[in-house]
Asks: 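I have a structure I would like to understand better, so I am pasting it below and will then ask my questions one at a time.
Numbers for residues simply follow the sequence, beginning at 1.
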Amino acid sequence: MTVENISVNKSFGGWHKQYSHQSKTLNCAMRFAIYLPPQASNGEKVPVLYWLSGLTCTDENFMQKAGAQRMAAELGIAIVAPDTSPRGDDVADDAGYDLGKGAGFYVNATQAPWNRHYRMYDYVVNELPQLIESMFPVSDKRSIAGHSMGGHGALVIAMRNPQAYQSVSAFSPITNPVNCPWGKKAFTAYLGRDTTTWAEYDASLLMRKATEFVPALVDQGEADDFLIEQLKPEVLEAAAKLSGYPLTLNMQEGFDHSYYFISSFIENHLRFHAEYLGK
């Protein structure tokens, strides 16, 4: 596999790097970013936190705005941030910001024309970790986190693969996509109109019936403009109570949907993951 290094920046004694590679899963070139803490330069294999970003984002948003590198360096955790969708001139797209490029929703599309490229679930679960673990001084201990659409992806992926992840966290996740406008639009396009197929990508429905648990932390801003119509954290909380899922949900007064919110609490999330990655 040809992997091209695009950029390198030193940060808190570690290194932030961007790479491009040809994805067999997505049938296009993909970009990802990785932060390697200083411990990775000292012969250690460090655990990895995978970060999934939200609508319209790329690998750059979290790495540039969240301020996570300082704490990742202290805790000895690598962070990997993939793009949010396939890219390229021949990749299907939509005029709306909430479908197509920048809006992969971390599902495996089954409907044309999306199914040729949009298999972000398989990319995040299988291809990307295999690439990371073969190229970099990291262990096979993984946790996963994300924001908004990426929070949806992180929760779904962790619950569907409980043996593969030590912990999961999310900021402002889309918790019940089968019942919100963003989710209905994306799932209809990617998965078709048979709504029974949507359930495997709905965090609240998965959490209701879960029997294997991945410790979960969710922070949600109470001043989030998308709170009521799109995010529905109360549905996830109710699901956790039904199954006894180990979910901590924090409603944060005054905070919105932005990276100001994420940067305010990212240290808490990294310390949460470090607790489980260190076990």
Side-chain angles (χ1 to χ4, degrees), residues 49-55 84 104-108 120-122 124-126 129 141-188 190-191 194-222 224 226-252 257 261-262 265 268-270 272-273 275-277 279:
L49 175 66
Y50 288 84
W51 174 270
L52 308 182
S53 288
L55 290 167
T84 54
F105 268 84
Y106 307 101
V107 304
N108 287 337
M120 288 297 295
Y121 177 89
D122 279 353
V124 172
V125 172
N126 297 313
K141 280 199 168 184
R142 311 170 192 163
S143 290
I144 192 165
H147 171 228
S148 194
M149 177 186 71
H152 138 76
L155 290 167
V156 166
I157 286 171
M159 283 188 284
R160 288 181 58 177
N161 303 274
Q163 303 304 319
Y165 299 94
Q166 305 299 310
S167 52
V168 58
S169 75
F171 290 88
S172 317
I174 304 170
T175 68
N176 190 208
V178 304
N179 287 316
C180 79
W182 279 340
K184 289 178 180 179
K185 179 178 179 178
F187 286 8
T188 299
Y190 297 145
L191 305 174
D194 179 4
T195 58
T196 60
T197 66
W198 298 4
E200 62 183 333
Y201 295 110
D202 187 292
S204 293
L205 297 180
L206 292 170
M207 193 169 280
R208 283 174 64 95
K209 63 180 184 181
T211 57
E212 292 184 82
F213 300 148
V214 179
L217 170 65
V218 172
D219 275 276
Q220 172 63 61
E222 291 185 350
D224 192 319
F226 305 111
L227 177 62
I228 295 173
E229 184 179 34
Q230 303 282 13
L231 306 179
K232 304 181 184 296
E234 71 282 357
V235 180
L236 189 73
E237 187 173 40
K241 289 179 180 177
L242 280 174
S243 64
Y245 207 94
L247 168 69
T248 299
L249 172 62
N250 300 315
M251 298 298 297
Q252 303 290 1
H257 200 71
F261 172 43
I262 295 172
F265 296 98
N268 295 354
H269 282 239
L270 289 170
F272 167 79
H273 290 297
E275 178 184 350
Y276 294 99
L277 288 168
K279 289 183 179 178

Asks: Indicate yes or no: at least one non-hydrogen side-chain atom of T197 is less than 4.5 angstrom from one of F187.
Replies: no

Asks: Could you check whether the rings of W51 and F171 sit parallel, tilted or perpendicular, using 30° and 60° as the cut-offs?
Replies: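 Geometry flag for F171 against W51: tilted rings.
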
Asks: Donor-acceptor pairs are to be reported for all side-chain atoms of residues 142-150 against protein atoms at under 3.5 Å, with residues two or more places apart or in another chain.
Replies:
| residue | atom | partner | partner atom | Å |
| --- | --- | --- | --- | --- |
| R142 | NE | E133 | OE2 | 2.8 |
| R142 | NH2 | E133 | OE2 | 3.1 |
| S143 | OG | S167 | N | 3.4 |
| S143 | OG | S167 | OG | 2.6 |
| H147 | NE2 | H257 | O | 3.0 |
| S148 | OG | H257 | NE2 | 2.9 |

Asks: Which residues satisfy the side chain to side chain donor-acceptor pair (under 3.5 Å) test with T196, sequence neighbours excluded?
Replies: D194

Asks: Rounded to the nearest 0.5 Å, how far apart are CG of L217 and CG of N250?
Replies: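 Answer for the CG-CG pair, L217 versus N250, is 6.0 Å.
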
Asks: State whether the side chain of D202 and the backbone N or O of V178 hold a donor-acceptor pair below 3.5 Å, judged by distance alone.
Replies: yes

Asks: Just jot down the side-chain contact (heavy atoms from CB on, under 4.5 Å) partners of P215, sequence neighbours excluded, or say none.
Replies: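 Residues passing side-chain contact (heavy atoms from CB on, under 4.5 Å) with P215: F272, Y276.
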
Asks: Find the distance between OH (Y190) and OH (Y106) and round it off to the nearest 0.5 Å.
Replies: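 Here the rounded value is 11.0 Å.
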
Asks: Answer yes or no: is there a side-chain heavy-atom contact under 4.5 Å between S204 and L155?
Replies: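 No, too far: nothing below the 4.5 Å cut-off.
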
Asks: Looking only at heavy atoms, which two atoms of M120 and T84 are closest? And how far apart?
Replies: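 Closest approach of M120 to T84, heavy atoms only: CE-C, 3.9 Å.
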
Asks: So V218 and L236, do their side chains get closer than 4.5 Å, heavy atoms only?
Replies: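 A side-chain contact under 4.5 Å exists here.
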
Asks: Nearest 0.5 Å please: distance from the NZ atom of K209 over to the CE atom of M159.
Replies: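 Reported value, rounded in 0.5 Å steps: 10.5 Å.
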
Asks: Nearest heavy-atom pair of A154 and V168: which atoms, and what distance?
Replies: O-CG2, 3.5 Å

Asks: Taking atom CD of Q252 and atom CZ of F265, what is their separation to the nearest 0.5 Å?
Replies: 3.5 Å

Asks: Listed by chain and number, what are the side chain to side chain donor-acceptor pair (under 3.5 Å) partners of W182, not counting sequence neighbours?
Replies: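 Expected list: Y97.
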
Asks: Can you list the residues that meet the ring-ring contact (aromatic ring centres under 6.0 Å, His included) rule with H273, with sequence neighbours excluded?
Replies: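 ring-ring contact (aromatic ring centres under 6.0 Å, His included) check on H273 returns nothing, list empty.
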
Asks: With a 4.5 Å cut-off on side-chain heavy atoms, are F105 and I174 touching?
Replies: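 Yes, close enough: below the 4.5 Å cut-off.
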
Asks: For N179 versus K232, what's the shortest heavy-atom pair and its separation?
Replies: O-CE, 3.1 Å

Asks: Between S243 and M207 (side chain of the first, backbone of the second, donor and acceptor by atom type, cut-off under 3.5 Å), is there such a pair?
Replies: yes

Asks: Considering residues at least two apart in sequence or located in another chain, which fulfil the side chain to side chain donor-acceptor pair (under 3.5 Å) criterion with K185?
Replies: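 By the side chain to side chain donor-acceptor pair (under 3.5 Å) rule, K185 matches D98.
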
Asks: Considering all heavy atoms of both residues, which atom of S172 and which atom of Q220 are nearest to each other, and what is their separation?
Replies: CA-OE1, 3.2 Å

Asks: Determine the minimum heavy-atom distance between Y165 and V124, stating which atoms define it.
Replies: OH-O, 4.1 Å

Asks: Taking N108 for its side chain and D122 for its backbone only, find out whether a donor-acceptor pair lies under 3.5 Å.
Replies: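 Yes; judged by distance alone, with no hydrogens or angles, the pair exists.
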
Asks: With heavy-atom distances below 4.5 Å as the criterion, would you say the side chains of C180 and E229 are in contact?
Replies: no

Asks: Honestly, is R160 close enough over Y201, meaning NZ or CZ under 6.0 Å from the six-membered ring centre and within 45° of the axis?
Replies: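 Because its charged atom sits under 6.0 Å from the ring centre and within 45° of the axis, R160 does stack over Y201.
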
Asks: Using modelled atom types and a 3.5 Å cut-off, is there a donor and acceptor pairing between side-chain atoms of Y245 and backbone atoms of V214?
Replies: yes

Asks: Ignoring hydrogens, what is the shortest heavy-atom contact between G151 and A170? Give both atom names and the distance.
Replies: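 Between these two residues, the closest heavy atoms are CA-CB, 3.7 Å.
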
Asks: Which distance, rounded to the nearest 0.5 Å, do you find between the CG of L247 and the CD of E237?
Replies: 7.0 Å

Asks: OG1 of T175 to CD of E234: how many Å apart, nearest 0.5 Å?
Replies: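 T175 atom OG1 to E234 atom CD measures 7.0 Å (nearest 0.5 Å).
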
